[in-house]
**Q** 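If you scroll down you'll find the structure; I have some questions about it.
These numbers come from a predicted model, not from an experiment. We name chains A, B, ... by the order of the sequence lines, and we start the count at 1 in each one.
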2 protein chains.
Amino acid sequence: MKKISIKKGTLLQHKGDVNTMVYEVESGLLRSFSIDAKGKEHVFLFAPEGWIVADAIAPEEASELFIEAIEDSIVIVKERDVSSVDPIVLAKRISVLQNRVIRLMSASAIERYEAFLKTYPDIVQRVPQKMIASFLGITPEALSKAKGDKMRSSIKGI
Amino acid sequence: MKKISIKKGTLLQHKGDVNTMVYEVESGLLRSFSIDAKGKEHVFLFAPEGWIVADAIAPEEASELFIEAIEDSIVIVKERDVSSVDPIVLAKRISVLQNRVIRLMSASAIERYEAFLKTYPDIVQRVPQKMIASFLGITPEALSKAKGDKMRSSIKGI
DNA sequence: TTGAAGCATTAACCTAAATTAAGAAGTCAT
DNA sequence: ATGACTTCTTAATTTAGGTTAATGCTTCAA
């Protein structure tokens, strides 16, 4: 367990790494993301101050995710020891993921964007639009259009 | 903790229920699903023999999910006590959900269907197509078409 | 300071999947 | 057995979002 200071753009973890760590964000902002078979990035999680990022894989498996600093950050690095983690913390993450799966299946891009704004109002200003789009599962162009449409319709009072 | 026998079609849990239980399937098949704001069902999980179904919510919260028997089933019903659950079991579920989120964002309907066939080959024959479609996040019509296209292209050897 | 690269926006066009509708086949309760 | 449901399939049409491309802004390294 140690504390490290990392520059914006640094990759803390690559897909395929084994014996990965647990990263607790003291200051700054991290993201985890995957790269699919077509070479496209998909943001899985944003982790601001106080959040914990780690791959959910078994101890010896290769990681699925990349972890990157979006801002200069100070991060506490710990050994992974799943069996000692509070089950309640894990259950909460399951609940979050359950809701994300349901929302991906049932809500439109705009609806998911509005839900994101409500749930993570503090993160919106700190990350590029294209990463928010990626988190929502849409293209930056589609997000840009959705925001434009939303603005226009609210001006007209529709 | 008790063992119950339930008929196909029985609802074990409704959205909004509090003090929900943990259901361990001894025989038969359960599913959990949500109903969204537009009244549409979304299958969240299929649970055949040996699987456990439970809402991931905090003890006092209202449940998000319905749980229903797809076949006549025998189910062991236990009190929910998240803090006593093996963290490794929870971590595995997180891993499954992580992959599901990533696949929902990156794979097409047909790709998700093929992944489903590989991952749950035993379940495919036991549940109606429309529930598989619902699990994949597409309409029954789209799944039917995808299967037809797949068959046709494999005949032609494409 | 300036040029190159990355980012956001807009628009034209294209495609995957939703919607709607209709018909065939299976299941169920009476 | 018969009629009422439900499921599956197919097809026509529509729509949300993807792709491609052009334009103006930043940012940042040389």
**Q** B:M105 CE to D:dG17 C1': how many Å, rounded?
**A** 16 Å
**Q** Over all strands shown, is A:K145 touching base, sugar-phosphate only, or nothing at heavy-atom distances under 4.0 angstrom?
**A** nothing
**Q** Tell me which nucleotide among D:dT10, C:dA11, C:dC7 gets nearest to the side chain of B:E141.
**A** D:dT10
**Q** What is the separation between atom OH on B:Y113 and atom P on C:dA17, rounded to the nearest whole Å?
**A** 14 Å
**Q** Are the side chains of A:I70 and A:M131 in touch, meaning some heavy atoms are under 4.5 Å apart?
**A** yes
**Q** Taking only residues two or more places apart in sequence or in another chain, which ones pass side chain to side chain donor-acceptor pair (under 3.5 Å) with B:K118?
**A** none
**Q** Is the NZ or CZ atom of A:R100 positioned over A:F44's six-membered ring, under 6.0 angstrom from the centre and within 45° of the axis?
**A** yes
**Q** What's the closest nucleotide to the B:T139 side chain, out of D:dC8, C:dA17, C:dA18?
**A** C:dA18
**Q** Check every strand shown and say whether B:G137 touches a base, only sugar-phosphate, or nothing at a heavy-atom separation below 4.0 Å.
**A** sugar-phosphate
**Q** With respect to the side chain of A:K130, which nucleotide from C:dA18, C:dA8, D:dG18 is positioned closest?
**A** C:dA8
**Q** Do any side-chain nitrogens or oxygens of A:K40 fall under 4.0 Å of OP1 or OP2 in D:dT19?
**A** yes
**Q** For A:L143 and D:dT19, give me the distance from atom CG to atom P, rounded to whole Å.
**A** 15 Å
**Q** Below 30° counts as parallel, above 60° as perpendicular, anything between as tilted: where do the rings of A:Y120 and A:F135 land?
**A** perpendicular
**Q** Is the backbone of B:E71 close enough, under 3.5 Å, to the side chain of B:S73 for a donor and an acceptor to pair up by distance?
**A** yes
**Q** B:Q129 side chain: which of C:dA8, D:dG17, D:dT9 is closest?
**A** D:dT9
**Q** Could you check how far NZ of A:K38 sits from C1' of D:dT19, rounded to whole Å?
**A** 14 Å
**Q** Taking CD from A:E111 and C1' from C:dA18, how many angstroms apart are they, rounded to a whole number?
**A** 14 Å
**Q** Of the listed nucleotides (D:dG17, C:dA8, C:dA17), which one gets closest to any side-chain atom of A:I138?
**A** D:dG17
**Q** Answer with base, sugar-phosphate or nothing: what part of the nucleic acid does B:I110 contact at a heavy-atom distance below 4.0 Å?
**A** sugar-phosphate
**Q** Which is more 5' along DNA chain D, the nucleotide nearest A:K8 or the one nearest B:S144? Just name the residue.
**A** B:S144
